[in-house]
Every structure is written in structure tokens, then in C-alpha cells.
Amino acid sequence: MDKKDIRSLSLLELESDFEALGEKKFRAKQVYKWLRGSAESFEEMSDISKALREKLSEIYFIPTVKIIKRLESRLDETVKYLYELHDGERIESVLMKYNHGYTVCISTQVGCRMGCSFCASGLEGLFRNLYPSEMLAQVEMAAKDNVIRVSNIVLMGMGEPLDNFDNVKKFLEMVSDPIGLGIGYRHISLSTSGVVTGIYELAKLNLPITLSISLHAPFDELRSEMMKVNRRWNIEELIKACRDYQKITGRRISFEYAMIKGKNDTEACAVRLAQILKGVMCHINLIPVNPVKENDYEKSDRNALMKFAKRLNELGLNTTVRRTLGGDIDASCGQLRRKFESEGGDKNEGLQ
Ligand code: SAH
Ligand code: SF4
């Protein structure tokens, strides 16, 4: 039997597990306190009997998340973290400072199986899904390490959130719980490459989070070349899912669009975007693509970016150019992890 992640359980769930194990309910509360603190093992739980600790360690495990690298941008206050998990896997998250407060961008998987051609996270495929507690830890640790209150969360780090649906759903419940961090759904954005079945599942939950769609191209041929997911669900199916999502939730949708020189920054792309998004209540975020060494994409230059944004606005699409943060610290998904792995980084090396 696989051991269960005890840190992803709510107090109620833990209490009901304890009852089923024939243990007293108040013991669950004691253990829960340790888990919400910094306990890394059952042995540390000094007010719990040895027999119970042993019993627990046969059924559960405590996923640990340790900072192994911390990079702070000199250009802005962006901080990038590389974490090591209990099984030696590594993930990254980024803390960003905006006028309205602090936002943490978290990973939802180790690696990613979607394999988008422009992205460093998917180059080696999926290693494993993250547990809800491992997502929560990324938020908690960024807050603790900087002695700040995190006000917003974006699920835009490594991984495809809708490919780890149940754990992401649990994480959303945990992080918004007023007894915990209490970060309301309205302050959370979830980004997907276009997993249509997941969009419908999410719509059923009807949460007031912001759904972000990584669109990046308005033509199937181009999008399928850049994003394998488009070969499974094409643009028509994706936009239909967005319209249906909007009907159910009434929420505006964000579309992400990474601008690649000469590929998706043309007049024809702008016109087509306006056609396919007609009637969708949305916002478009343009961002210059972050070149990774495994492909030859170049970012569109500033002029092309501004021209494209202006054109989209003229065509009736509410468009902004996203500010890039942490340009000096590879603050783009998957980059730090890959760099660290390929340098054969020792976990004690480069600690800041
Ligand atoms: N898997 C989800 C969320 C994580 S990726 C998704 O794809 O939406 C977060 C965002 O970063 C996505 O919009 C993704 O398209 C974008 N992205 C990935 N690599 C990039 C790169 N090299 N340059 C610019 N944006 C990139
Ligand atoms: Fe995965 Fe998103 Fe990267 Fe695509 S862009 S490989 S879906 S993390």
C-alpha cells in the first residue's frame, strides 16, 4: 500500500482517519498542530506516544520541501526558489512584488508531459505530480522566508495544473481556508495549456478564480507545432470550452500570448485572434518569449510587441503587455531547475 501524504489532510479528515484507526480524536489535533508547524518527521512529535508515531509512519509520510537555492533579482524584488522534495526531486517557484502586494508563482508538477516547444519545463517530460501540501509549502515558505503576507497566487510555474486536477483542487481548498493562509479564490489564477476536459471539470467547481489560457497562436497548424496539446484539442474545441466555462462561472478569461519573432506576431495573427475570441469576455497578456537554448525562438522586438498590442486593442481585444520580472535570474518556468541539473549542482553549492 502506498503511504498517504498526511500534510494534505484537513483536520476533519485527520480526525476521521484517527477514529477509523481506533485513536482518540484529540490526538489528531495534536498531530495536526505539528504538521502545520515545521515538523519533518513523526519522531519530532514529542507529545505523541512512540507506539502511535510508529503506527502513523507505517500509514503516512510527511512530504518535506527544502530551499536549496534562493536567487534575488537586482533589478526588482523578485525572488526565485529552487526546492528539494522528500524524494530528491526539484521544483521552483517565484515570489514577485507588485503594487497590490506579493504574488507567488508555484509549480504543480515535477516536469510536465505537455511538451510545448518553447518551454523549459516540459523538455524531459513528467516526473511526478505534486501533492497538495507541496504546493501549499511553496506559498508558506516564500511568506516565511521574506516575512511577508502573500496576497496572490498564480499556478504558472512548472507543470500543467489540469493534468494534476485532484491535487490542485485540494490545494485550492487548503490555501483559501480562512484557518490557514486564507488567500481567497479571487486572488488565485490558474493557467492551462488547454486541457479541455480539465476546463470542464473546473467549470463544475464554479470557483471565482481567474482562468488563464496559454493560447500563443490563433492558427491550428502553428499552435500544433508549438503545443502538442493542440493536436488533442484544437483551437475551436478550446475556445468552445472557454465560452462554456464563461457561461457557467461568469468570469473573464485571460489569454497568454508569448510573442515569437516572425512566427505569431503578424497582422494575420492579430486579425485571426480577434475572430476566434469574438464575444469572449477576456483579457490578453502579451509577453516576449523567453528564449531557451533548446529552440531557436527569438523574442519579438519591443516595436513589434507594441504594434501587435495596439492592433489587438483596435480590433476590440483588451490587451496589455506583461511586465517581465526577474530578467536577471532566469525567473521563467523550468529554467532554474534545468540549469541546476545540467550543471550537476550540489545541494550545498550556491546557497544564498
Ligand atoms: N502549464 C501551464 C502553466 C505553467 S506554464 C500552461 O502552460 O499554461 C506558465 C506560462 O508560461 C504559460 O502561459 C506558458 O505558455 C508560459 N511559458 C512557458 N515557457 C515560456 C517561455 N519560454 N517564454 C514565455 N512564456 C513561456
Ligand atoms: Fe507544460 Fe505549460 Fe510548459 Fe507547456 S508551457 S510544457 S503545459 S509547463
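All ligand and atom numbering here is 1-based and tracks the order in the structure.
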*Does ligand 1 have an atom under 4.0 Å from some heavy atom of I287?*
no
*Is the gap between the ring centers of F171 and Y131 under 6.0 Å?*
no
*Taking N or O atoms only and a 3.5 Å limit, does P288 qualify as a polar contact for ligand 1?*
no
_Those atoms of ligand 1 less than 4.0 Å from some heavy atom in S214_ = 6 (C), 7 (O), 8 (O), 12 (C), 13 (O), 14 (C), 15 (O)
*Out of A258, G122, P291, indicate the one that has the non-hydrogen atom closest to atom 25 (N) of ligand 1.*
A258
*For ligand 1, which atoms sit closer than 4.0 Å to a heavy atom of H216?*
13 (O), 14 (C), 15 (O)
*Nearest heavy atom to atom 3 (Fe) of ligand 2: which of C119, S107, G125 does it belong to?*
C119
*Short list, please: which atoms of ligand 1 are under 4.0 Å from a heavy atom of M156?*
4 (C), 5 (S), 9 (C)
*May I ask which of S193, C116, G115 has a heavy atom nearer to atom 4 (Fe) of ligand 2 than the others do?*
C116
*Show which atoms of ligand 1 fall inside a sub-4.0 Å distance from at least one heavy-atom site of C119.*
18 (C), 19 (N)
*Taking the side chain as C-beta and beyond, is there a heavy-atom pair between V154 and I106 under 4.5 Å?*
no
*Is S214 in contact with ligand 2, taking contact as a heavy-atom separation below 4.0 Å?*
no
*Per-atom contacts, ligand 1 versus G157 - under 4.0 Å to a heavy atom*: 4 (C), 5 (S)
*If you measure from the Lys or Arg side-chain nitrogens to the Asp or Glu carboxylate oxygens, is any gap between K4 and D17 under 4.0 Å?*
yes
*Reported CG-to-CG distance for the pair L130 and L85, which is rounded to 0.5 angstrom*: 6.5 Å
*Could you walk me through whether R311 and E267 pass the salt bridge (Lys or Arg N to Asp or Glu O under 4.0 Å) test, one step at a time?*
CA-CA 8 Å; R311 189 72 183 109; E267 165 70 12; 2.9 Å; yes
_Heavy-atom nearest option to atom 1 (N) of ligand 1, drawn from S191, S212, S107, G159_ = G159
*Near C112, which atoms of ligand 2 are under 4.0 Å from a heavy atom of that residue?*
1 (Fe), 6 (S), 7 (S), 8 (S)
_Less than 4.0 angstrom from a charged side-chain N to a carboxylate O is my criterion; do D265 and K307 meet it?_
no
_Can you tell me which portion of T192 lies within the under-4.0 Å heavy-atom range of ligand 1? Options are side chain, backbone, both, or neither._
backbone
_NZ or CZ of R223 within 45° of F219 ring axis and under 6.0 Å_ = no
_Using ring centroids (six-membered ring only for Trp), state whether H216 and F255 fall under 6.0 Å._
no
_A side-chain contact here means heavy atoms from C-beta on lying under 4.5 Å apart; do L190 and L162 qualify?_
yes
_Against ligand 1, does C116 come closer than 4.0 Å with any heavy atom?_
no
*Do V280 and L315 share a hydrophobic cluster (ILVMFWY, side-chain heavy atoms under 4.5 Å, transitive)?*
no
*Specify side chain, backbone, both or neither for M114, according to which of its non-hydrogen atoms lie closer than 4.0 Å to ligand 1.*
neither
*Determine, step by step, whether E58 and R53 satisfy the salt bridge (Lys or Arg N to Asp or Glu O under 4.0 Å) criterion, reporting the C-alpha distance in whole Å, the side-chain angles of both residues, the deciding distance to 0.1 Å, and the verdict.*
CA-CA 9 Å; E58 276 162 26; R53 279 186 268 144; over 6 Å; no
*Compute the shortest N/O to N/O distance between P161 and ligand 1 and return yes if it is under 3.5 Å, no if not.*
no
*So how far is it from I68 CD1 to L82 CG, rounded to the nearest 0.5 Å?*
4.0 Å
_With the threshold set at under 4.0 angstrom, would you say C112 reaches ligand 1 through any of its heavy atoms?_
no
*Specify side chain, backbone, both or neither for E256, according to which of its non-hydrogen atoms lie closer than 4.0 Å to ligand 1.*
side chain
